[in-house]
Each structure stands twice: as structure tokens, then as C-alpha cells.
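So you know, we letter chains A, B, ... as the sequences are listed, proteins then strands, and number each from 1.
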Number of protein chains: 2
Amino acid sequence: MTRSTVGKPASPVMMDAKSHAAGFRKARDARRSELIEDYVELIADFLETGGEARQVDIAERLGVAQPTVAKMLTRLSDEGLIVRRRYRGIFLTDEGRALAKRTRERHHIVETFLAALGVSPETARTDAEGIEHHVSEETLAAFKRFIVRPGNSSRE
Amino acid sequence: MTRSTVGKPASPVMMDAKSHAAGFRKARDARRSELIEDYVELIADFLETGGEARQVDIAERLGVAQPTVAKMLTRLSDEGLIVRRRYRGIFLTDEGRALAKRTRERHHIVETFLAALGVSPETARTDAEGIEHHVSEETLAAFKRFIVRPGNSSRE
DNA sequence: CAAGACCTATAGTAACGGCTATATATGCTC
DNA sequence: GAGCATATATAGCCGTTACTATAGGTCTTG
Ligand SMILES: [Mn+2]
Ligand SMILES: [Mn+2]
Ligand SMILES: [Mn+2]
Ligand SMILES: [Mn+2]
């Protein structure tokens, strides 16, 4: 419609539509992998803290019902990230282990960064749980730099 | 590390299950409001940059199909955030406008923060689109502090 | 004012992620 | 080894967010 902007008070211009859409798309993609990442990371936690990764344990940790976990595990299994051994627990494939490693490192960096920024440990933990999935490599690098030398991150 | 037990190679302990679950729950809740926030913010952008907020425009910006927008708008309308005027575009209710304001401020702070941290404008924009929805008030305050005085964020 | 362009609505489908209820398999204990 | 407790699987439901295809309005323009 582009009605003639005569007396209008300097309306700022929106960003390029294509870039905007690309940003939203990326966020949607991240949303789709959030759960997978959390599951794989959690399973790795269980396995490496000496315990087994059983459905009931995972369900309790995530705060969801056991059948919800069962269904999700089918998806993880379909994607080749885990192996299920009935009544023996869940195990990670090589691919799953690799994803868990990356994911956990990223999670740790995000949480540590928030704490370094002055956020309380409790909030850092909570916020990191969601933020982690939307942090690009570049931003992650910036977080790392800040953790090492707070205050030296951007000023040249 | 608690290397008390013999043989076993220092298995660290997982955090409290209840807190863990609470964190996941909060992230899930945030996920449910992500879309609503993005829509309302985007509609406000359209309206305040002199244009109209039409379904086709919104669809293009978000990178989704028009019927997807139509359905989502029904939800926004049901929740009292918008008013639809056929062929005249979408308008925000008072409640919608209030949500848009909060959301946009938060978005802006997150993006500005990332840039201040040394992240490229492009990446800052992209990452902020996802991160914004998972940033608590406390973290937002920390971001603001950093923007004002980079490097002075974590001192008491 | 009629045609066509453009916008919106609706129908039908699918994947995902959650739930409850219930069936079945396994492991433990006596 | 039988019984019971526990873990897992399955069925069926729902809401959300996407899609395509298509029908139906409205606006503009020749
Ligand atoms: Mn995580
Ligand atoms: Mn997470
Ligand atoms: Mn936003
Ligand atoms: Mn967003």
C-alpha cells in the first residue's frame, strides 16, 4: 500500500525481509534440536556419573512422564544417537557421544559466562538451559573470551 | 571431585533432580511463548514503521506460509493480543502493545549486548532472535549493566 | 464495471511433544 | 520359583506449528 508518507514523523525502516526471515528460520531450527540436545547431554551425564540412564531417571530429571521419554528415545534411536538395551538402560552411539560432548561444552560455557557476568548461579543455570541452544559458534567464542578476560571482550 | 571411592575414576555428582527438572520446565515454558512474542513484536514493527501488518507481510518476514500465519493470528486473537480487520491488516490491543513493548526492549538489549561483547552485527541479530526468549529479568539486568559499563559487570 | 491481481480463509495432512491409562516384560526377594 | 515391585511399551488423546491446495473476498485498473 505504501501510503504517501507526508506528515509522518520519521518512521524508521525495518530491516531487509530476507535476512529477517533467515534469522527466524534459524531460531526455528534451533528449537527443533533443543530437545535432542538436552536428552543426549542428560544421558551422557547419567552414564558418566556412574549411574545408568534409565527412562524413569530421564523422565524425573526432565520433569516429564515416562511415556514421553519413551517416545523421544525412539526418535533418538531412529537418528542413530542412542542404543536401547531393555532394562539395561540407554547408551550413546559414537555419534551420540560426539553430540553430547559438543552440547555439554557449549552448555558449560554459557552457564559459566552468565555467572561471570554477575548473574546468580541459580539464574545462570536456569537461563543457560534455554539459551545454550541458540548460541552460535561465534557468540560462543565471545563468551569464552569474556570468561578468560572479563571486560576485555570487545574494546579494542 | 570427591574422589572418595576406590578404583572409580572420580565420577562427579549430578545436580539435584528437582532443580534440574525446574530448569527444563522453564525452558519448555519459554518455548511456548516464543512464537507469540515474535509475532507481536513483528506486528508492532510493521505498524510503527508506517506500514500495515498484513498476513502476507508477516509470512514473508517470518519465512512461513500465509495459512500458518492465519492460524497463528487466530491464537493471538483468542488471547486478546490483536484485532484483525479483514483486508485492513492486524492491529494490537492494549495488551498486545504492552507485550510488544516489553518484548522489543528485551530483544534490543540482547542484541545490543551481543554486539557490545564483540559479536558481529549479523550474528548478534541472528542469535538474539532465539536467545531473547530465554533471558530472565536478572540476566537482562546484567546485560544492561554490561552495555553501559563493559567490564564492570561482575563486580559487586 | 468486469477482469484479474491480490489477500484471506479453510480444509486436510503431518510431525512433534506432551498427557493418562494400561499392558507386558524383567528383576528381586523371600 | 512364585509373587511383587519396578521398568518399559503401547494405545489413544490433545494442542501446536508447520505444510499444500483451494476456495472465496476485496481492490485496482483497464
Ligand atoms: Mn544443556
Ligand atoms: Mn537445554
Ligand atoms: Mn524478537
Ligand atoms: Mn525471537
Quiz item: Does the side chain of B/Arg32 get closer than 4.0 angstrom to OP1 or OP2 of D/dT16 through an N or O atom?
Solution: no
Quiz item: Taking atom C1' of D/dG25 as reference, at what distance in whole Å does atom CZ of B/Arg88 sit?
Solution: 15 Å
Exercise. Please state how far atom CD1 in B/Ile36 lies from atom P in D/dG15, giving the value in whole angstrom units.
Key: 15 Å
Quiz item: So, is A/Arg28 near the phosphate of D/dA18, with a side-chain N or O under 4.0 Å from OP1 or OP2?
Solution: yes
Quiz item: Would you say the side-chain atoms of A/Arg125 pair up with the backbone N or O of A/Ser120, donor to acceptor, closer than 3.5 Å?
Solution: no
Quiz item: Touch check for A/Arg85, heavy atoms < 4.0 angstrom, all strands: base, sugar-phosphate only, or nothing?
Solution: nothing
Quiz prompt | Any donor-acceptor N/O pair under 3.5 Å between C/dA9 base and B/Gln66 side chain | solution = yes
Self-check item: Side-chain N,O (A/Arg86) to OP1/OP2 (D/dT8) below 4.0 Å
Solution: no
Self-check item: B/Arg32/B/Asp29 salt bridge by N-O under 4.0 Å criterion
Solution: yes
Quiz item: From the list C/dA21, C/dT8, D/dC19, which nucleotide is the closest neighbour of the side chain of B/Thr68?
Solution: D/dC19
Quiz item: So, B/Arg84 versus B/Thr74: side-chain donor-acceptor pair below 3.5 Å or not?
Solution: yes
Self-check item: Ion pair B/Arg102/B/Glu105, N-O distance below 4.0 Å
Solution: no
Quiz prompt | Residue B/Lys71, side-chain heavy atoms: nucleotide from D/dA18, D/dA7, D/dT10 that is nearest | solution = D/dA18
Quiz item: A/Leu76 CG to C/dA15 C1': how many Å, rounded?
Solution: 15 Å
Self-check item: Rounded interatomic separation in angstrom, taking CZ from A/Phe46 and P from D/dA7
Solution: 12 Å
Quiz item: Quick one: is B/Gln55 getting a side-chain N or O under 4.0 Å of the C/dA9 phosphate, OP1 or OP2?
Solution: yes
Quiz item: From the list D/dT26, C/dA21, D/dT8, which nucleotide is the closest neighbour of the side chain of A/Tyr87?
Solution: D/dT8
Exercise. Quickly work out the A/Arg54 CZ to D/dA7 P distance and round it to whole Å.
Key: 5 Å
Quiz item: Which nucleotide sits closest to the side chain of A/Arg75: C/dC16, C/dC19, D/dT17?
Solution: C/dC16
Quiz item: Salt bridge check: are A/Arg104 and A/Asp45 linked by an N-O gap of less than 4.0 Å?
Solution: yes
Quiz item: For B/Glu79 and D/dG15, what is the distance between atoms CD and C1' respectively, to the nearest whole Å?
Solution: 12 Å
Exercise. Let me know the distance between CG of A/Asp29 and P of D/dT17, rounded to the nearest Å.
Key: 16 Å
Quiz prompt | B/Leu35 CG to C/dC16 P, straight-line distance once rounded to whole Å | solution = 17 Å
Practice problem: Check every strand shown and say whether B/Arg25 touches a base, only sugar-phosphate, or nothing at a heavy-atom separation below 4.0 Å. | Solution: nothing
Quiz item: Does a nitrogen or oxygen in the side chain of B/Arg31 sit under 4.0 Å from OP1 or OP2 of C/dG17?
Solution: no
Quiz item: With respect to the side chain of B/Ala70, which nucleotide from C/dT10, D/dG12, C/dG12 is positioned closest?
Solution: C/dT10
Quiz item: Do A/Tyr39 and B/Phe24 have ring centroids that are under 6.0 Å from one another?
Solution: no
